[in-house]
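Have a look at the structure below before the remarks.
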Amino acid sequence: DLVTGVQTCALPIYGLAVKKSGSADDVATLMHGEPAAIARALSQAVEHGLAHDADGKYVVTPAGRDWLDYLYPQLCASHRAAAGFGEAYDRFEGINRQLLALMTRWQTMDVAGASVPNDHTDEAYDARVIDELDALHERALPILSAFVDFEARLAVYPQLLDDAYDRVLDGEIDYMSGVKVLSYHTVWFEMHEDLLRLSGRVREP
């Protein structure tokens with residue numbers, strides 16, 4: 001388990017690097033940690049120059065990124081050595097490419113041969129994209145379960161994706177790709193970042 005035997009700040013700083021920016025509660029949600037403990041660890045990280053606190057929103061400093069780069073081979077050694085984890089990641093990448101294409105179709109529409117922003121007034125168009133998400137979501141879940149077998153805390157991602165998807169079905173369409181909520185796209189992006197760091201892969205262009 002990534003948590004076991006690691007310095008107090010490592011997991012919170014790791015989670016902050018995945019999120020890019022966030023509060024202690026944000027990091028606690030993503031890392032499935034206890035909020036007060038995460039807050040204390042982030043405060044310690046600030047004291048040691050590993051993170052910066054901007055009114056309760058934390059970001060990793062360059063020194064913090066260097067520290068993580070040094071730790072990754074230790075933190076993620078078991079995942080990088082496991083053939084099953086790499087195989088699951090390869091399957092995930094296929095779904096990931098389809099999800100990115102789906103989000104492009106959600107955010108834009110083809111009108112007279114030109115790509116224009118989707119203003120979401122065409123309910124039939126949006127419904128078709130949401131139906132595509134339903135099929136993709138069902139295909140993704142078994143792959144995500146395979147990751148959870150290697151790292152229990154990764155179970156938070158299917159939970160957050162389920163919640164975002166349910167909200168989309170309830171008509172809260174910001175939960176498809178909105179940047180101010182834990183939308184499906186936001187959670188997926190953070191999950192991908194987490195898996196990249198665990199596996200030692202780089203994001204495809």
Side-chain angles (χ1 to χ4, degrees), residues 1-82 85 89 92 96 100 103 144 147-148 150-164 167 172 174-205:
D1 191 314
L2 186 60
V3 180
T4 304
V6 176
Q7 295 98 318
T8 303
C9 289
L11 188 62
I13 293 297
Y14 177 100
L16 186 60
V18 168
K19 285 201 68 67
K20 310 301 184 188
S21 172
S23 67
D25 284 347
D26 293 335
V27 175
T29 295
L30 200 65
M31 294 291 102
H32 211 229
E34 200 278 313
I38 296 289
R40 287 193 299 271
L42 289 177
S43 293
Q44 292 174 7
V46 170
E47 292 175 7
H48 289 91
L50 303 175
H52 175 70
D53 180 3
D55 296 324
K57 289 286 186 180
Y58 295 88
V59 294
V60 180
T61 62
R65 289 193 293 271
D66 289 344
W67 184 64
L68 284 174
D69 287 341
Y70 170 77
L71 286 179
Y72 283 141
Q74 304 167 53
L75 296 178
C76 308
S78 62
H79 304 81
R80 295 179 181 186
F85 194 88
Y89 185 85
F92 167 81
N96 180 61
L100 295 179
M103 287 298 170
L144 304 186
F147 291 126
V148 175
F150 289 94
E151 183 67 64
R153 68 167 181 81
L154 295 177
V156 70
Y157 291 113
Q159 294 166 8
L160 292 173
L161 290 171
D162 277 339
D163 180 65
R167 286 174 177 267
E172 298 180 68
D174 278 354
Y175 278 85
M176 186 70 143
S177 65
V179 296
K180 294 183 179 180
V181 296
L182 278 175
S183 66
Y184 201 98
H185 189 214
T186 295
V187 173
W188 189 278
F189 183 90
E190 293 175 348
M191 175 178 67
H192 190 193
E193 185 68 21
D194 202 339
L195 294 174
L196 287 170
R197 291 169 189 269
L198 286 173
S199 64
R201 309 285 187 99
V202 294
R203 194 178 292 271
E204 292 185 354

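One is the number of the first residue; the rest follow in order along the sequence.
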Using the test side-chain hydrogen bond (donor to acceptor under 3.5 Å, both in side chains), find all partners of Asp53 that sit at least two apart in sequence or belong to another chain.
none
Heavy atoms of Ile38 and Pro12 approach each other most closely as CD1-CG, 3.7 Å
One should read off an interatomic distance between Phe189 CZ and Asn96 CG, to the nearest 0.5 angstrom, of 10.0 Å
Does any non-hydrogen side-chain atom of Arg153 lie less than 4.5 Å from one of Asp194?
yes
For Ala39, what residues pass the side-chain contact (heavy atoms from CB on, under 4.5 Å) criterion, not counting sequence neighbours?
Ala24
Tell me, please, which residues at least two apart from Tyr89 pass ring-ring contact (aromatic ring centres under 6.0 Å, His included).
Phe92
Which donor-acceptor pairs under 3.5 Å do side chains of residues 179-187 form with protein atoms, sequence neighbours excluded?
residue : atom : partner : partner atom : Å
Ser183  : OG   : Gly178  : O            : 2.7
Ser183  : OG   : Thr186  : N            : 3.1
Ser183  : OG   : Thr186  : OG1          : 3.0
Tyr184  : OH   : His137  : ND1          : 2.7
Thr186  : OG1  : Gly178  : O            : 3.2

Ser43: which residues meet the side-chain contact (heavy atoms from CB on, under 4.5 Å) condition with it, sequence neighbours left out?
Tyr58
Can you tell me how far apart CG (Leu11) and NE2 (His32) are? Round to the nearest 0.5 Å.
12.0 Å
Closest non-hydrogen atoms of Leu75 and Ala10, given as atom of the first, atom of the second and distance, are CD2-CB, 4.5 Å
Asp163: salt bridge (charged side-chain N to carboxylate O under 4.0 Å, His left out) partners, not counting sequence neighbours:
Arg167
Would you say Met191 and Leu161 make side-chain contact, with heavy atoms under 4.5 Å?
yes
Calculate, to the nearest 0.5 Å, the distance between atoms CD and OG belonging to Glu151 and Ser78 respectively.
7.5 Å
Which pair of non-hydrogen atoms, one from Pro158 and one from Ala155, has the smallest distance, and what is that distance?
CD-O, 3.2 Å
Non-neighbouring partners of Phe85 that pass ring-ring contact (aromatic ring centres under 6.0 Å, His included), sequence neighbours left out
His79, Phe147, Phe150
Over all atoms of both residues, closest heavy-atom pair of Ala51 and Ile13:
CB-CD1, 4.0 Å
Quick one: side-chain contact (heavy atoms from CB on, under 4.5 Å) partners of Ala36, sequence neighbours excluded?
Glu34, Arg40
Listed by chain and number, what are the side-chain hydrogen bond (donor to acceptor under 3.5 Å, both in side chains) partners of Arg201, not counting sequence neighbours?
Asp90
Test side-chain contact (heavy atoms from CB on, under 4.5 Å) applied to Arg197 - qualifying residues, sequence neighbours left out:
Tyr14, Ala17, Val18, Lys20, Tyr72, Glu193
Residues at least two apart in sequence or cross-chain that pass side-chain hydrogen bond (donor to acceptor under 3.5 Å, both in side chains) with Gln159, listed by chain then number, are none
Shortest non-hydrogen contact between Pro35 and Ala28, atoms and distance:
CA-CB, 3.8 Å
Tell me every residue that passes side-chain hydrogen bond (donor to acceptor under 3.5 Å, both in side chains) with Ser23, counting only those two or more places apart in sequence or in another chain.
Asp26
Kindly compute the distance separating CG (Leu154) from CG (Leu30), expressed to the nearest 0.5 Å.
9.5 Å
Sidechain-backbone polar pair: Ser199 side chain, Arg80 backbone, donor-acceptor under 3.5 Å
no
